[in-house]
Amino acid sequence: MKVLGASLFGAGVIFVGGIMFWGAFNTAMEATNTLGFCINCHEMKDNVYQEYVKTVHYTNRSGVRATCSDCHVPRDWVHKFVRKIQASGEVFHWLMGTVNTPEKFDGKRYQLAKRVWETMKSTDSRECRNCHAFDQMNPAVQKQRAKKQHENAQAEGGTCIDCHKGIAHKPVHHLLEQEEEQKAAEEAKKKAEADAKKAATKTAAAPAAATATVAAPAAGGAALPPVTGKAVDWSKVAETKTVLFYPGQTAMEWILTGTDHGGTRAFKKGDRCFECHSNEAADMGAKMVSGSKAEKTPIPGKRPAVPLSIKAAYDADNLYLRLEFPASPHNPVPFAAGGKLDPENEMKVAMMIDNGKVDMGARSGCWTSCHADARDMPNAPAAGALGAVQGIDTKAGYVTKYVPESRTQFDTTKRDNWDKLKPQADIDALLAGGTFLDLTRWKSSGASEQGYVLAERVLKAANDVAYTGKKEGDKWVVTMVRRLKATQPGQVNLAAGQSYSVGFAIHDDFTNGRFHHVSLDLKLGLDAEGEIKAVKM
């Protein structure tokens, strides 16, 4: 008897031999999937393995370990076989000694990592999903920001590697950010040059016209008398509770850098800081105030966060606010004479308002005016290096707040944008067009101030806003009345039925500069949607 031309015995031998060959082949292939095999060469053992053993994928509370193959080798046979064929190229480079020293490995690290990221992106993070799947997650036990981003990823078709680069090895994804930023800058430069050329052509063809260089007061005419308001029964006004936290040196450039701030991608895609961090403000403040994150000069005893109660109301003419928060004991500042940065003011309270014209204002509130080259920040220029820059008052010896729109560049890598100021005519146009942050401030010494942030911080004695405040027992109570209608450049017109992005800052315990507590971006709605709802009286 024959089977396919072979004797029964021969067919049996072929069958058994096939099984043995297939078993041996698969056994050998699986042997190449073990951790021991992967770190058999010193290139892996001395480099990526040493990084991997310090991560949660190696040791964690559940006792489940994800080895090299779990992340880098497909589980299904076809894709696994293809991956093994591709790995022959890696064997070639091992033989050639391409990465046989730490220096050579680091020289190729970004190139190698980028290749892995691209592969994972193309497979929808297939290997990640061996252990992690959206439909198996329990959002109820996730942190607010993780829950928000996983929801976004599902809605937008995002994949794991979009956000989780550098979780098992030395992070180099900042190089990808720099590469993308450089491309964006080159594209922006080309567009600006094209726009300038088009504008020059248009100007040459058009008749000459006078150009206003200073924005005129919105209300026109003579200055109004100092603002006064009606008495408010605050017991009948709804309360909003929020938390202001110590921000350390988390400048806007820090927020826009993924290796500093893990939520960079979410922010750039349009999420508000509030949406991810509103429930963890106190925890973030604790990290910064202790010096464990983004703070090189911690102040011993400084509180990490300040709970703030806000009540808001308005009438036909004015906006009214009542702010209440606990007082704090005095903690001397080690690097300030007498332990007080601002001896004349135990307390200062500030409020910024964006009318939607500052690009990042609606998502970050006042953070868009906080920069790495400002006073007491990592890239602050020395006072002697400031020099004279037209349009910026450098007499104080430091860089104040500004919005990125006022600069010809906004580099988040070098973080030296302070003196890259646009021409004065452009600044005037931005002011007239509403691209600024409305700023008001109260000092416990008694002064109320108003102004704005554009090319720099501008403050003067207030006429359109009046603050009053005092310490009542163990708490501070500060009230404000502010005209709804803008009377001069740098003020936001407030209207019923509209919402505005606002930010609050509290300088307690005789502090100044960046050593304050700040809110995340909040929405103030005048009978409109927002975390703070102002109701018409």
Side-chain angles (χ1 to χ4, degrees), residues 174 177-178 181 184-185 188 245-261 263-264 267-268 273 284 288 293-297 350 352-354 357-383 385-387 389-422 426-427 430-431 435-439 441 451-459 490 501 503-505 507 511-521:
H174 65 284
E177 293 174 3
Q178 292 174 15
E181 185 175 282
F245 68 99
Y246 183 69
Q249 294 178 311
T250 56
M252 197 67 220
E253 294 87 349
W254 186 95
I255 289 174
L256 293 172
T257 304
T259 47
D260 292 331
H261 171 234
T264 294
F267 181 82
K268 288 180 178 179
C273 299
M284 293 190 297
M288 257 78 79
K293 186 171 186 177
E295 177 55 88
K296 295 180 180 179
T297 55
M352 285 192 192
I353 308 175
D354 169 47
K357 298 294 182 67
V358 176
D359 176 47
M360 296 182 287
R363 288 170 287 143
S364 66
C366 58
W367 238 280
T368 191
S369 68
C370 175
H371 302 293
D373 45 22
R375 173 172 46 165
D376 296 314
M377 296 295 270
N379 292 56
L386 286 175
V389 178
Q390 185 176 1
I392 302 177
D393 182 5
T394 59
K395 296 186 186 70
Y398 55 84
V399 177
T400 69
K401 296 178 180 294
Y402 61 84
V403 296
E405 284 85 345
S406 66
R407 267 47 182 180
T408 57
Q409 73 163 42
F410 189 61
D411 189 314
T412 59
T413 303
K414 294 181 180 179
R415 306 182 181 185
D416 59 346
N417 308 298
W418 73 273
D419 59 346
K420 312 302 189 297
L421 197 66
K422 288 182 177 178
D426 292 351
I427 300 296
L430 289 170
L431 182 61
T435 304
F436 55 80
L437 294 176
D438 180 311
L439 172 63
R441 185 170 71 173
Y452 61 89
V453 176
L454 178 51
E456 61 182 339
R457 184 184 65 188
V458 176
L459 277 173
S501 181
F504 295 93
H507 283 86
T511 61
N512 64 11
R514 68 173 182 80
F515 300 100
H516 53 2
H517 294 86
V518 295
S519 71
L520 295 166
D521 55 293

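For the numbers below, each heavy atom of this structure counts, side chains included, while hydrogens, waters and symmetry mates do not. Note that the structure is a prediction, hence the values are computed from the model and not measured.
A heavy-atom distance below 4.5 Å is not found between the side chains of Arg415 and Pro378. Side-chain atoms of Phe245 and His517, non-hydrogen and from C-beta on, never get closer than 4.5 Å to each other. For the pair Arg514/Arg375, no side-chain contact is recorded, criterion being any heavy-atom separation below 4.5 Å from C-beta on. The side-chain heavy atoms of Lys401 and Glu456, taken from C-beta on, include no pair separated by under 4.5 Å. Using a 4.5 Å heavy-atom threshold, the side chains of Asn417 and Pro404 count as separate. At a threshold of 4.5 Å between non-hydrogen side-chain atoms, the residues His261 and Leu256 do not count as touching. Under the 4.5 Å side-chain criterion, counting only non-hydrogen atoms from C-beta, Phe436 is not in contact with Glu405. Taking the side chain as every heavy atom from C-beta outward, Val518 and Tyr246 never approach each other to under 4.5 Å.
In terms of heavy-atom proximity, Met252 sits nearest to Ser364 at SD-OG, 4.0 Å. Shortest non-hydrogen contact noted between Ala383 and Gly397 is CB-O, 3.6 Å. Residues Phe515 and Glu295 approach most closely at CE2-OE1, 4.4 Å, considering heavy atoms. The nearest pair of heavy atoms linking Gly361 to Asp354 is C-OD2, 3.6 Å. Across all their heavy atoms, Ala251 and Met377 have their closest contact at CB-CE, 3.4 Å. Smallest separation of non-hydrogen atoms from Thr400 and Arg457: OG1-N, 3.0 Å.
Rounding to the nearest 0.5 Å places CG of Leu430 at 10.5 Å from NZ of Lys357. Taking CG of Asp411 as the start and CG of Asp416 as the end, the distance is 6.0 Å to the nearest 0.5 Å. Separation of atoms OG1 (Thr259) and CH2 (Trp254) is listed at 10.0 Å; rounding is to 0.5 Å. The distance from the NZ atom of Lys296 to the CD atom of Gln249 is 6.0 Å, given to the nearest 0.5 Å. In this structure, the separation between CG on Leu386 and CH2 on Trp418 is 4.5 Å, given to the nearest 0.5 Å. Residue Trp367 holds its CH2 atom at 8.0 Å from OG of Ser519, rounded to the nearest 0.5 Å.
For Thr435 (side chain) and Leu431 (main-chain N/O), no donor-acceptor pair under 3.5 Å exists by modelled atom type. Checked by atom type and distance alone, the side chain of Glu253 never pairs as donor or acceptor with a backbone atom of Phe410 at under 3.5 Å. With Thr408 contributing its side chain and Lys420 its backbone, the two residues share a donor-acceptor pair below 3.5 Å. Within the 3.5 Å criterion, the main-chain N or O of Met352 finds no donor-acceptor partner in the side chain of Asp438. At least one donor-acceptor pair under 3.5 Å links the side chain of Ser406 to the backbone N or O of Leu454.
The 12-atom threshold is not exceeded at NZ of Lys414, counting heavy atoms of other residues, nucleotides or ligands nearer than 6.0 Å.
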Passes side-chain contact (heavy atoms from CB on, under 4.5 Å), Leu459 versus Tyr452? Steps please.
CA-CA 7 Å; Leu459 277 173; Tyr452 61 89; over 6 Å; no

Applying side-chain contact (heavy atoms from CB on, under 4.5 Å), run through Val453 and Val403 and close with a yes or a no.
CA-CA 7 Å; Val453 176; Val403 296; 4.3 Å; yes

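Among the candidates Asp521, Asp359, Leu437, the single residue satisfying the side chain to side chain contact (heavy atoms under 4.5 Å, CB included) test with Thr368 is Leu437.
Between Tyr402 and His371, the distance from one ring center to the other falls under 6.0 angstrom.
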